[in-house]
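Just so it is clear, the structure is predicted and the values come from calculations on it, not from any experiment. The sequence lines fix the lettering, A, B, ..., with proteins before strands; numbering per chain opens at 1.
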Amino acid sequence: MTISAKLDDLTIMVAGQGGDGSLTVMNVLSELFGRRGYHLYKSRNVASRIKGGIAAAQMRASVISRGCTGDQIDLVVAFDQEAVTNVGADLSPDAVVVFDSSDKPLDRRNLADSVRVIEIPFGRYAVRDLRRDLFKNSMSFGVISQLMNIDQDEAEDCLRHTLHRLPERVLLPNIDSFADGRKFALADKIASGGYPWHLERVTRAKHLMINGNDAIAFGFMAAGGRFFCGYPITPATEILEWLQKHLPAMGGVAMQAEDELAAINIALGAAMTGVRTMTATSSPGFSLMAEGISHSGSAEIPLVITNSQRAGPSTGMPTKPEQSDIAMMIHCGNGEFPRVVLAPGDPGDCFKIGAAATNLAQRIQGPVIIAVDQAVAQDARSVTPFDLEAVEPHDGARMSEDALQAMATYRRYELNPSGVSPWAVPGTKGGMSLVTGNERNEWGLVTTVPAKRREMMEKRAAKIDHVRADLPKGIRGGDRAARVGIIGCGMQSGVIAEASERLNARGTPVQYLQVRTLWPVLDETAEFIRSCDHVYVVEHNGEGQLAHLLDGHGAFGNLRSLTKNDGVPFRCADLVRHIATFEANTMHGDAA
Amino acid sequence: MTITFTPSHPIWCAGCGHFGVKNAIVNALAAIDQPAHDTMVLAGIGCSGTIQNNIDSYGYHALHGRVLPTALGVKLANPDLMVIAAGGDGDGYAIGAGHLVHAFKRNPSVVYVLMNNGIYGLTKGQRSPTAEQIDPTTERSIDGISLGLSIPGSSFLARAYSGAADQLNAVMVAALQHAAAGRGFAFVEVMSPCVTYNDTYADWSGRVTDVTAMEGYDPTSRIAAFSTVHTLAEQGRIPTGLIYQSDAPSYESAWKKEGFNVPARIDVSRSIHQNSYSSIMEKYAF
Ligand SMILES: Cc1ncc(C[n+]2csc(CCOP(=O)(O)OP(=O)(O)O)c2C)c(N)n1
Ligand code: SF4
Ligand SMILES: [Mg+2]
């Protein structure tokens, strides 16, 4: 952002020691920007503990909807020095730092001279005048609102709205400290340069502000999901919490198991009774579930498994995003069995895919994995309202009591061309059957006869073809005639779309494909790759797992891997620079 | 009548203790008039883990050690089913021991029949967590009954011996009744000798002691049960019979509050629920 009369795209960070409540100021700012018609992309960057350590929240407010944070930070509200030191290099040249100097003045050694600083001892004033450190949030909002030329009434209304749950005796001192903040800002010497920031006021249709985990849970429920079992783990826990909040009211169950082995087996048990079931976890928990996933594939039990990936290996970095479980999700579990792996790119997509996965699991009677990363899972974004009407629960092939009665024989694992054998859930008269993970005959009795084994393997494999046409298609954009492609999924979706926009604008024609079905690899993905001279595969891991996957499925050596695994999402500007540089070199090479 | 799967004949070695267990389950189901289609028998992995193939009901072959979580999932999703979990001592006391602790704690109305033979039968005779009698100099055994007694939620703890059919049958009927009445987790450990790798008939026949036959024994007293179990153990006896029974609330009863709707049978058509979904979505309006 360059400071101009109007702000249509800016990134704000609020940082302080975890547990000091510093992040609440972000909620007031969301309210303010929301009322002005901006779109928001919010990410948290908390250490995996409640108190202590740097906690930061970041928000991009833009007039155009964006799927990632901005390149640089334009405004920082910092409640301690460490926060400013850490963020220094990411500031835009004309950024403003609002600093709480209660302890000592800001050491601005690593800040560019052009960065402007407003130092106010918020904490000290709040304690002195209002006897409570926490009021510093409202005070800092007062400063910012003044900085952005928001008039007092509008700003105060946003604050009141955000704090409306507080009792009057706590609300009032917050309003006072907000007003004090505005006075401090006016008195500050930055005033001599005036306050050049003016927020836009635009109209946009009603949106939702939601994160990916909540949206997956919602999509699952909307598609008839009524049983959930999980074990708490960052960054997947919100799914458990959301469903514990909402499923009981719908007559369903959302329970916390004693571990991930129990979670997936409880889920398998529930799923066998016919209720649409999901479990969710994050990477280390997902590895524990591998045996159960294979069992779902073998025994033919419909189950949705969400993996909100963290940075690995092992316990890794619980609060940081990574896409390093791609290979595991596609191959984990012993043996070979049909499965589907879907990767939504934003909360709106999480809802759609949460619902689609729930129906697909019923239709293939097997495991459907939803692959998200910490950024998609936990970043909240404004998205268009969910299309509830578009979701209708699908039962797959079931056997009713009447249908059973009309049959001469019923075999649970009957062979048929679709590979999907209609099933009777326990409690259905006349449908008694055996369900097993062992190789079996049509009745469910264990067998190792080679011919039967071949038939059963073929039957299960056929199920994917039966649903292939309905697997979520990717999202394409950019210059359709371009010979240079970009592929990404999940947290890369917003970045590659924006990078493509910028590259095309600066004369480097590119097109992009956001892949939504990772497994099976869809024909359209292979076709996209073949239609380009070369394709950049952007992913958050070190080994290029998505590129490797595509290499084995339709690519012909024309992939260029762009990877990163330090826990920090690609910045759009960096991606643009990488690709533009590569392309310039390629052109140079061609000429030579 | 539709022809569907018919129970197969057990594949166990002649003389295996598991035969008695299977017979007791079949008899008990008949004794309480339990309809086959409303019954689900889930088994672990092991010789014991083939028992579901031999009983007229819905059957499931769980992963090794995971029969209890699976059974819990079935019960919670459809509390109207009679859910019987069965497995070996390796399945329940080794790889699945963690789940047993939580089953006692939660107390779902599931019958759990653990066939204790002191060894791993299917994998050909390795030590199990109750192998003490094979080599008493090393690790001591796990005692499932004492474990259950130590957990406040437990509500039905019994042991029987496959070589004493009458007592085994009686205990099994009581266990099924406990679960059918929604009273919670009915744990039955059956001493079930493996004639091939650990033939303990002669040894166990001389040591089993029916606590119900002891004068003044009160199965509703946790303290008395604990004391009796340990006193007998010190004398080298194996306490059997209905050792403890209580009225601890069952796990599924906690879910059967207002709103609970037998998840397996909820009509999830969109038209029925769309208003609820819309009002939840409204909370995210921005
Ligand atoms: C995850 C896993 N580990 C190991 C095995 C191999 N295995 C099969 S049965 C068994 C032990 C069975 O012993 P027990 O539960 O006592 O049953 P029994 O055969 O004695 O009735 C083992 C270790 C397996 N099937 N799965
Ligand atoms: S090996 Fe032992 S446990 Fe297995 S069937 Fe034979 S006697 Fe029974
Ligand atoms: Mg055994």
Side-chain angles (χ1 to χ4, degrees), chain A residues 34 206-210 218 222 224 226-227 229 246 248-253 255 257-259 261-262 265-270 272-276 291-292 295 382 385-386 388 391-393 404-405 407-410 412 425-438 443-445, chain B residues 1-6 8 35-40 42 50 52-53 56-78 80-81 83 98-99 101-102 255 257 259-266 268-270 273-274 276-278 280-281 284-286:
Chain A
K206 191 174 89 176
H207 273 56
L208 309 176
M209 188 71 197
I210 189 167
F218 202 157
R226 290 296 182 273
F227 198 104
C229 187
H246 294 291
M250 310 297 297
V253 165
M255 70 167 284
E258 60 268 32
D259 56 45
L261 302 174
N265 284 284
I266 290 170
L268 286 165
M272 259 191 295
T273 70
V275 63
R276 292 161 187 75
E291 190 193 21
H295 191 69
S382 46
F386 302 149
L388 296 173
V391 180
E392 192 63 71
L404 276 165
Q405 241 139 52
M407 299 175 85
T409 47
Y410 165 68
R412 167 66 188 93
V425 301
T428 314
K429 246 186 221 146
M432 277 82 76
S433 47
L434 291 173
V435 173
T436 175
N438 281 39
W443 303 102
L445 286 164
Chain B
M1 265 299 273
T2 322
I3 300 168
T4 179
F5 123 86
T6 27
S8 62
H37 71 272
D38 276 335
T39 306
M40 187 157 196
L42 301 97
T50 57
Q52 78 286 7
N53 298 339
D56 189 17
S57 70
Y58 279 87
Y60 174 73
H61 197 193
L63 287 168
H64 190 29
R66 312 300 158 211
V67 70
L68 283 178
T70 321
L72 171 61
V74 173
K75 187 69 190 178
L76 209 46
N78 189 349
D80 296 342
L81 297 173
V83 178
H99 305 308
V101 171
H102 290 272
W255 289 93
K257 49 191 184 307
F260 183 87
N261 218 344
V262 183
R265 282 202 297 267
I266 300 173
V268 291
S269 310
R270 172 172 56 84
H273 303 285
Q274 188 163 338
S276 310
Y277 301 153
S278 298
I280 294 171
M281 190 166 78
Y284 291 91
F286 175 77

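Comparing T6(B), V74(B), L72(B), L63(B) by heavy-atom pairs within less than 4.5 Å of chain A, the highest count is held by L63(B). Of the residues considered (I266(A), I210(A), L404(A)), I266(A) shows the highest number of contacts with chain B, using heavy-atom pairs under 4.5 Å. No other option in H295(A), K206(A), M407(A) has as many heavy-atom pairs under 4.5 Å with chain B as H295(A). Looking only at heavy-atom pairs under 4.5 Å with chain B, the residue among G292(A), G431(A), G437(A) that has the most is G431(A). Options P263(B), P69(B), G98(B) differ in how many heavy-atom pairs under 4.5 Å they form with chain A, and the most are formed by P69(B). Taking chain A as the reference chain and counting heavy-atom pairs below 4.5 Å, the highest number among D38(B), I280(B), D56(B) is found for I280(B). Between chain B and the residues G430(A), G274(A), G224(A), S433(A), the largest count of heavy-atom pairs under 4.5 Å involves S433(A). For the set N261(B), L81(B), T70(B), the count of heavy-atom pairs under 4.5 angstrom toward chain A peaks at T70(B). Heavy-atom pairs under 4.5 Å with chain B peak, among T436(A), N265(A), V275(A), at N265(A). Contacts with chain B were tallied for L268(A), T428(A), N438(A); T428(A) has the most, counting heavy-atom pairs under 4.5 Å.
Residue A267(A): no heavy atom, backbone or side chain, is found under 4.5 Å from chain B. Residue contact with chain B, scored on non-hydrogen atoms closer than 4.5 Å, involves the side chain of P393(A) exclusively. Both the backbone and the side chain of S278(B) come within less than 4.5 Å of a heavy atom of chain A. Residue R276(A) touches chain B through its side chain alone, counting heavy-atom pairs closer than 4.5 Å. When heavy atoms are compared at a cutoff of 4.5 Å, S8(B) approaches chain A solely by way of its side chain, counted from C-beta outward. Only the side chain of I266(B) comes within contact range of chain A, with at least one heavy atom under 4.5 Å from a heavy atom of that chain. Looking at L434(A), the atoms closer than 4.5 Å to chain B (heavy atoms on both sides) sit in the backbone and in the side chain alike. In this structure, the portion of S276(B) lying under 4.5 Å from any heavy atom of chain A is its side chain and not its backbone. Proximity to chain B is limited to the side chain of F227(A), based on heavy atoms less than 4.5 angstrom apart. Y410(A) touches chain B through backbone and side chain together, each having a heavy atom under 4.5 Å away. Both the backbone and the side chain of V253(A) come within contact range of chain B, judged by heavy atoms closer than 4.5 Å.
Residues H99(B) and D259(A) are in side-chain contact: their nearest non-hydrogen atoms beyond the backbone lie under 4.5 Å apart. Proximity of N78(B) to M40(B): side-chain heavy atoms (C-beta onward) are nowhere separated by under 4.5 Å. With a 4.5 Å cut-off on side-chain heavy atoms, Y58(B) and M272(A) do not count as touching.
Between Y284(B) and F218(A), the angle of the ring planes lies from 30° to 60°, which puts this pair in the tilted group.
Distance check: R226(A) CZ to R265(B) CZ gives 15.5 Å after rounding to the nearest 0.5 Å. One finds the NZ atom of K429(A) at 7.5 Å from the CD atom of Q405(A) (value rounded to the nearest 0.5 Å).
Side chain of T273(A) to backbone of G269(A): no donor-acceptor contact under 3.5 angstrom is found.
Closest approach of F5(B) to Q52(B), counting heavy atoms only: CZ-O, 4.1 Å. Across F386(A) and L208(A), no two heavy atoms sit closer than the pair N-CD1, 3.7 Å.
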